[in-house]
Peer 1: 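One structure, as structure tokens, below. Some questions next.
Computation of the quantities below employed the complete heavy-atom set of this structure, encompassing side-chain atoms and omitting hydrogens, waters and symmetry-equivalent molecules. All residue numbers refer to positions in the sequence shown, counting from 1.
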Amino acid sequence: MDADRERELRRLERDRRRKEQGKQPLFERSDPVGSDTGGWPLLTDLSEQPTMIIRPSRLREEAERREALETDQLSTADTMVIPPADAAQPRRGEPEAGGRRLAVSTAIFGAATALSRVLGLVREVVASYYFGVNGRINAFTVAFQIPNLVRALVADAALSSAFVPVFSELLEKGERKRAWRVASTLFWLMLLGLTALTALFILVSPWVIGIFGDPGHDKALAVGLSRVLFPIVALLGVSGIVVGILNSYDHFTVPAISPVFWNIAIIAGLAIGVPQTSSSSGKLYVYAGAILGATFIQVFLPMPWLRGRDGRLQLVLDWRDPAVARVFKLMVPVTLGLGLINVNAVIDTFFASRLIDPNLAPTAIQKAFLVYMLPQGMFSVAIATVLFPSLSRFAARNDMDSFRRTVSSGIRQIAFLLIPAAVVSALLAEPIIRLLYQRGQFHPSATPVVADALAAFSAGLVFNGAMLMLNRAFFSLQSNWIPTSIALGNLFLNALLDAVFYRFGVWGIPLSTAICNIAGTWVLFVLLRRRLGRIDGGAIASTVARVAVASALAGGIALVIWRALDGALGRSFPAQVASVGVALGTAVAAYLIACRLLQVEELRALSALRGRLRS
């Protein structure tokens, strides 16, 4: 009965849409399904409907032909993060309300992600005020690297990236009860398995931390901090399933807001707890405890939004289901593909702590990395996250035309947003670092060190964003070993370059990371183009060339204006805010004007999105 009722609901919803578009309904029924129970909720999201629907035999062939045509007409508009320039006016067959809903959802997700990144930067500013970059804070930096690496390998984004394609495919096939049973099984398996792993690490942590030498000249402190921090791995394993479910239903807002509260909780913990503690090691334990408490908030905040879906998490361990095994099978290459990025970070930390300066280099690189990741998280992560479920659905339907258009659109949007960010952050690295960090325990002598690292990181910013998008494309195709193989190659290349570039000083480590990003992006792009036949390479090259010209102009103007204002106003905090703020604001204005003159398509798309949100 449930299956029959669901088919009838989908049939009625499709007829309603056809009536709204002025088309002849395929079916008519005078008594709505569920009218005897007060009305059954209708599915209103095309993505939630299975691709195969049973109808009366005399109408089935014609109805499926019409449905395929309508789906092709709607696919592009329903999945673009920024709509095309002509999307401000609804096309024939396009559900205006659905497109506007996705645009609003995307804008909210982007805003929440941006707010989270800004608050993350505020968190680091507060931490720098209390701890600086020299001394025992380097023990904390190394201690956090280990659970962060394991999280990347077996939880959070790695788990979601393996889970979403399988869960989405089951939903597409109409196997919703099975999809939720698989999700429930994975939820409990990850919780139990990662809790056991946490207990094991607590026992062996002295030997693990010993690999990095004597970080911050206090190895015992690093061991204790790592034991406090490691339980976040189990928590984020659970979070990976919850976020994956919500993303599969195109619900991105709450998962994007959760890190906002994570950062707020840590900032509050630092502001309240650190002044009450006298010893430097005690203050660092306050920092670690604040991160652990904030992770609880991040994990449990999205859970109420699982209610109202067409299923729920249950206490079940159906580990024999082939779909469960398939998630773990997919997770192996995904874990390597995404986790190896963090392995690279651990390798960088090893060289920084062992061969450069254990009392400065690890934290200096980490502070630069967080500024570098601000535009990455605000733009490329948002774009790739929003597009990933759509790419998975297109792959499941074998709709390669829509898949190609979506990948190309994502890469062009990332280039439009990250190229100017990379140019400006490289040219204004020192004033940006001085404004953000130089106060309290962060001394002026550390500013040039962190600024040089930021400039080196910036060389690979846009390529890092493109790699994220290309990786998700391969994950959607369930060809996970391709990006994994490339990530393995990058791992060895990064270690080799670190062994050479560490002689340059702290900035040599970020430079090796940038070169690896460039190499990895090129190989991923070539292989995906070979797989798909084409990826609109001409459109991508045109956008990149125009955006690069506009970015160079904007960066040059920003540098000239900052130097003039810095000499005139001095370097008090208000003066720095004014000089850097005016320079950045002028750079944005110059960039947008240059893009308009150069007829950059993504600028018109951004204007169309603003019009859609206002309508």
Peer 1: Tell me if a side-chain donor or acceptor on Y287 pairs with a main-chain N or O of F131 at a distance below 3.5 Å.
Peer 2: no
Peer 1: Is E124 close to L436 at the side-chain level, that is, under 4.5 Å between some pair of heavy atoms?
Peer 2: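 Side chain of L436 against side chain of E124, heavy atoms only: no contact under 4.5 Å found.
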Peer 1: Can you name the closest pair of heavy atoms from A415 and V462 and give their distance?
Peer 2: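 That closest heavy-atom pairing would be CA-CG2, 3.9 Å.
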Peer 1: Quick check: do W562 and L584 have side-chain heavy atoms less than 4.5 Å from each other?
Peer 2: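 SC-SC contact between W562 and L584 ruled out.
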Peer 1: Within the side chain of T277, is there an N or O that forms a donor-acceptor pair under 3.5 Å with the backbone of G273?
Peer 2: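 Present.
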Peer 1: Does the side chain of V526 come within less than 4.5 Å of W522's, by heavy atoms?
Peer 2: yes
Peer 1: Which label fits F369 and Y372: parallel for a plane angle under 30°, tilted from 30 to 60°, or perpendicular past 60°?
Peer 2: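 Correct class here is tilted.
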Peer 1: Is there a side-chain contact between N148 and R151, using heavy atoms and a 4.5 Å cut-off?
Peer 2: yes
Peer 1: Does D214 use its side chain to pair, donor to acceptor, with the backbone of K219 at less than 3.5 Å?
Peer 2: yes
Peer 1: For N138 and P215, indicate whether the former's side chain and the latter's backbone hold a donor-acceptor pair under 3.5 Å.
Peer 2: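 It does not hold such a pair.
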Peer 1: Kindly say whether S458 contributes a backbone atom to a donor-acceptor pair with the side chain of S425 at under 3.5 angstrom?
Peer 2: no
Peer 1: Does a donor on one side chain and an acceptor on the other come within less than 3.5 Å for T513 and D348?
Peer 2: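 Result is yes, a qualifying pair exists.
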Peer 1: Which label fits F388 and F475: parallel for a plane angle under 30°, tilted from 30 to 60°, or perpendicular past 60°?
Peer 2: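 F388 vs F475 ring planes: perpendicular.
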